[in-house]
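Encoded as structure tokens, the structure appears first; notes follow it.
One-based numbering, in listed order, for ligands and for the atoms of each. In what follows, every heavy atom counts, from backbone to side chain, and hydrogens, waters and symmetry copies are set aside.
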Amino acid sequence: MNTPKSIPSGTCRDTPVLKERGQREVFCGLTGIIWLHRKMQDAFFLVIGSRTCAHLLQSAAGVMIFAEPRFGTAILEETDLAGMADAHEELDREVERLLSRRPDIKQLFLVGSCPSEVIKLDLARAAERLTQVHAPHVRVLNYSGSGIETTFTQGEDACLTSMVPVLPTTDQKELMLVGALPDVVEDQAVSLLSQMGIGPIRVLPAPRTAETPGVGPNTVFACLQPFLGDTAAALTRRGAHHIQAPFPFGEEGTTLWLRAIADEFGVDDDTFDRVTAAPRARARKAIANASEHLNGKSVFFMPDSQLEIPLARFLTRECGMEAIEIGQPFIHKGLVGPDLDLMPAGPTISEGQDVDKQLDRVRAAQPDLTVCGLGLANPLEAEGLTTKWAIELVFTPVHFYEQAGDLAGLFSRPVRRRAVLKLEAAE
Ligand code: SF4
């Protein structure tokens, strides 16, 4: 029987992806440093870039810049750009100065930027050379956070990917959790898995260099974030086995994520239910309370962090929303495939951006909520649309059961505020 075209069938995995190229409104990968430097407590991130890069970090880090953060920018001057100074010698000098001033640094990342890439500064070679100079006290690695190569959260992916080749080799059967989450959230995940008898559990990135996990053919790993496609590929190349699952957002996502790992470690149903029953019930209740204003409302995601597909799955399946378009900067089906499988076909799935065309689609659809970057939020609010700043979803603890209510709350707050302001205006 032929299915009429107007009736969608299958899931979002089968939906043809609308690929767009054009003007983009996104952060570059340098922004990942803001949360990575807090997670990795003996690492330093040295951006080799211009004043633009330094200003970006300053404005993205907000008040954090006053807390002697473990990141900085080695600014390329005109003499460097014109090839009049030996940039490598200068870099060596800067690194020497930094490491003698901050002896607590055990891991130094040289982070490439657009300017360092355009002048083809070979930071990989510099990292190798500096590792030899400063071994065994400090390990120097390199990755690119440039806007030419990376979008926002891809900076974390590039950073973790750079660590994979130097992870020690192990034959032990271990679970590796991949992705930098706030400690309190990571502790919850580890606690739930440990209560099921799963272990040893390692995390990448580790809080301290000395705790760096090993990897080998008996390593199984699960990603905590959907933007870690390159890291997952690099771990797989080192023989580790990837556990695919929906991402741990909301009650359902968390349960399915835990279930996939539990299955890998042969955990029986009774144990699983005993450990998860209470937090599941708490999460369901918190979501029900927080999603009251979301039920029946429509949502439009502009591309930003690659969290969009799992979040749309959470909002449509657990908060009663309808997704109109789910924009992502990149789609790694190997990672977000299980989330796509859970959503019935219907929403437009787009990859990349042509911002003017996408804004036309937003205006035509008039969604109840538009999830977008800071640069678009206020202009859209001024047009009468309700928006949610996407960046908050990266910085706020939103994974796992105990944060499920807060996650729904982040989306319902702007909707509720709009309703309250309308009421006040009418009075
Ligand atoms: S890396 Fe590129 S996009 Fe990012 S701040 Fe520097 S110049 Fe701008």
Sub-4.0 Å heavy-atom contact, Ser146 with ligand 1
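In this structure, Ser146 qualifies as a contact of ligand 1 - some heavy atom is under 4.0 Å.
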SB check Asp360 Lys357 (cutoff 4.0 Å)
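Answer for the salt bridge query: no.
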Does Glu318 pair with Arg284 as a salt bridge, N-O distance under 4.0 Å?
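Looking at Glu318 and Arg284, the cut-off is not met.
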Would you please indicate if the ring centroids of Trp257 and Phe249 are separated by under 6.0 Å?
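No, the ring centres sit 6.0 Å or more apart.
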Proximity of His241 and Phe221 rings by center, below 6.0 Å
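For His241 and Phe221, the ring centres are not under 6.0 Å apart.
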Determine whether more than 12 heavy atoms belonging to other residues, nucleotides or ligands lie under 6.0 Å from atom CD of Gln244.
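It does: Gln244 CD has more than 12 such atoms within range.
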What are the atoms of ligand 1, with element, lying closer than 4.0 Å to any heavy atom of [X]?
X: Cys28; result: 1 (S), 3 (S), 4 (Fe), 5 (S)
X: Ser113; result: 1 (S)
X: Gly147; result: 1 (S), 2 (Fe), 3 (S)

Using a distance threshold of 2.8 Å, state whether an N, O or S atom of Cys53 lies below it from atom 4 (Fe) of ligand 1.
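Not a single backbone or side-chain N, O or S atom of Cys53 is under 2.8 Å from atom 4 (Fe) of ligand 1.
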Return yes when at least one N/O/S atom of Cys114 is nearer than 2.8 Å to atom 2 (Fe) of ligand 1, and no when none is.
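Coordinating: yes.
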Suppose we measure from atom 8 (Fe) of ligand 1 to each protein heavy atom; which comes out shortest, and what is that distance?
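That would be Thr52 CG2, 4.0 Å.
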Only one of Arg129, Lys106, Glu96 clears side-chain contact (heavy atoms from CB on, under 4.5 Å) with His134; which?
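That would be Glu96; it is the only one of Arg129, Lys106, Glu96 passing the side-chain contact (heavy atoms from CB on, under 4.5 Å) with His134.
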